[in-house]
Amino acid sequence: MNTTLKSAIAMTTLMIATAPAMAYFQGFEDPAFAPGDPNDWNNFTGTITRATSGTAGITSATGVAHATVSADSSGPFTRLGGYSSTFGPGFTASLDVYLDTSWVNGQGFDYSVAVNNQAGDHLRDFIWHVGVDSGSLLVNASNNTDFAFNAFKLNNENGGNNYTVASTGWYTFEQVFYDNAGALAVDFNLLDNLGNTLYSITRSTPTDLIASVVGGNRYGWMTYNNIDGLAVDNTSLSANGTVIPTPAAFGAGLIGLSLVALRRRSA
């Protein structure tokens with residue numbers, strides 16, 4: 001075993017032993033995956049189903065499987081490993097989604113990651129808006145959902161600073177929750193399949209004080225989706241500054257370690 005690999009394994013073992021409980025990964029690699037685990041994906045009013053790579057012509061983002069989400073006005077959700085009332089060093093959540101430029105006007109979805117307050121109750125949603133308007137596949141973000149397609153949000157949130165998706169493929173929707181001079185700030189980062197940042201905006205509310213108000217993560221939730229069979233992969237959450245193990249990334253039945261560097265970007 002070479003020195004680099006030994007060092008990587010030692011570092012990973014240390015991080016697993018010392019990292020906060022805030023660590024979660026679901027890559028849908030396990031053939032036995034099914035919704036219903038209290039701290040993992042649940043169907044709610046929509047459904048999420050494991051799909052093998054190549055289903056409907058879509059190769060999984062990584063590994064041999066991903067998942068598909070049914071069209072519904074209030075879709076599946078995950079508790080991202082369990083709700084938390086502790087902010088700690090902050091946290092990063094991400095989800096890979098397959099975007100298709102052949103979608104037509106009015107098609108899209110909203111995906112929210114929410115934060116709790118220090119009592120463990122819901123505080124605020126941070127929502128990605130994705131959809132086609134006037135022939136363009138747009139991405140934007142806000143703190144509210146209509147549980148339905150909203151062209152105004154796609155075009156006008158954040159002063160009209162949105163992103164137009166030009167190519168079909170996998171994209172990573174990342175939300176980084178961190179302390180910005182005492183208040184919660186959240187960077188919305190859209191990444192391509194090589195990890196390049198395509199779009200980034202920051203949302204912050206001055207009254208969301210880290211010291212006295214803000215807790216830890218709540219859910220990741222498809223608050224609406226009208227694309228039946230929307231493909232998703234690699235749901236993750238980890239405390240900022242740590243790495244998380246992803247043993248399923250090497251295939252069913254193999255116990256391996258993969259370092260997933262969770263990116264911290266400032267405003």
Quick one: pull up CG in Leu191 and CG in Asn196 and give me the separation to the nearest 0.5 Å.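 Between atom CG of Leu191 and atom CG of Asn196 there are 8.0 Å.
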CZ/Phe188 to CD1/Ile201 distance, rounded to the nearest 0.5 angstrom?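 Here the rounded value is 5.0 Å.
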Taking the six-membered ring where the residue is Trp, are the ring centres of Phe126 and Phe177 under 6.0 Å apart?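 For Phe126 and Phe177, the ring centres are under 6.0 Å apart.
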Is the distance between the ring centroids of Trp128 and Tyr111 under 6.0 Å?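 For Tyr111 and Trp128, the ring centres are not under 6.0 Å apart.
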By the definition ring-ring contact (aromatic ring centres under 6.0 Å, His included), identify the one residue from Phe44, Tyr219, Tyr83 that meets it with Phe77.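 Looking at Phe44, Tyr219, Tyr83, the match for Phe77 under the ring-ring contact (aromatic ring centres under 6.0 Å, His included) is Phe44.
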Anything under 30° is parallel, anything over 60° is perpendicular, the rest tilted; go ahead and classify Tyr199 against Tyr163.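 Tilted, since the angle between the ring planes falls between 30° and 60°.
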Using the ring of each side chain (for Trp, its six-membered ring), is Trp103 parallel, tilted or perpendicular to Phe109, with breaks at 30° and 60°?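 Ring orientation of Trp103 relative to Phe109: perpendicular.
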Taking Lys153 first and then Asp146, would you say they form a salt bridge - that is, a charged N and a carboxylate O separated by under 4.0 Å?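 Counted as a salt bridge, because a side-chain N and a carboxylate O are separated by less than 4.0 Å.
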In plain terms, say whether Asp208 and Arg124 are close enough for a salt bridge, that is, a side-chain N and a carboxylate O under 4.0 Å apart.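 Looking at Asp208 and Arg124, the cut-off is met.
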Tell me, please, which residues at least two apart from Asp72 pass side-chain hydrogen bond (donor to acceptor under 3.5 Å, both in side chains).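 With sequence neighbours excluded, Asp72 shows a side-chain hydrogen bond (donor to acceptor under 3.5 Å, both in side chains) to Thr45, given in chain and number order.
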Test Ser53 against His66 for side-chain hydrogen bond (donor to acceptor under 3.5 Å, both in side chains), laying out the working first. CA-CA 7 Å; Ser53 187; His66 55 278; 5.4 Å; no
When you compare the side chains of Asn162 and Asn140, does any donor N or O come within less than 3.5 Å of an acceptor on the partner?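 Note: Asn162 and Asn140 side chains miss the donor-acceptor criterion.
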In this structure, would Leu209 and Val214 fall into the same cluster of hydrophobic residues linked by side-chain contacts under 4.5 Å?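 In one cluster with Leu209: Val214, yes.
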Test item: Asp40 and Gln26 side chains (from C-beta on) under 4.5 Å apart, heavy atoms: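 The answer is yes; the side chains approach within 4.5 Å.
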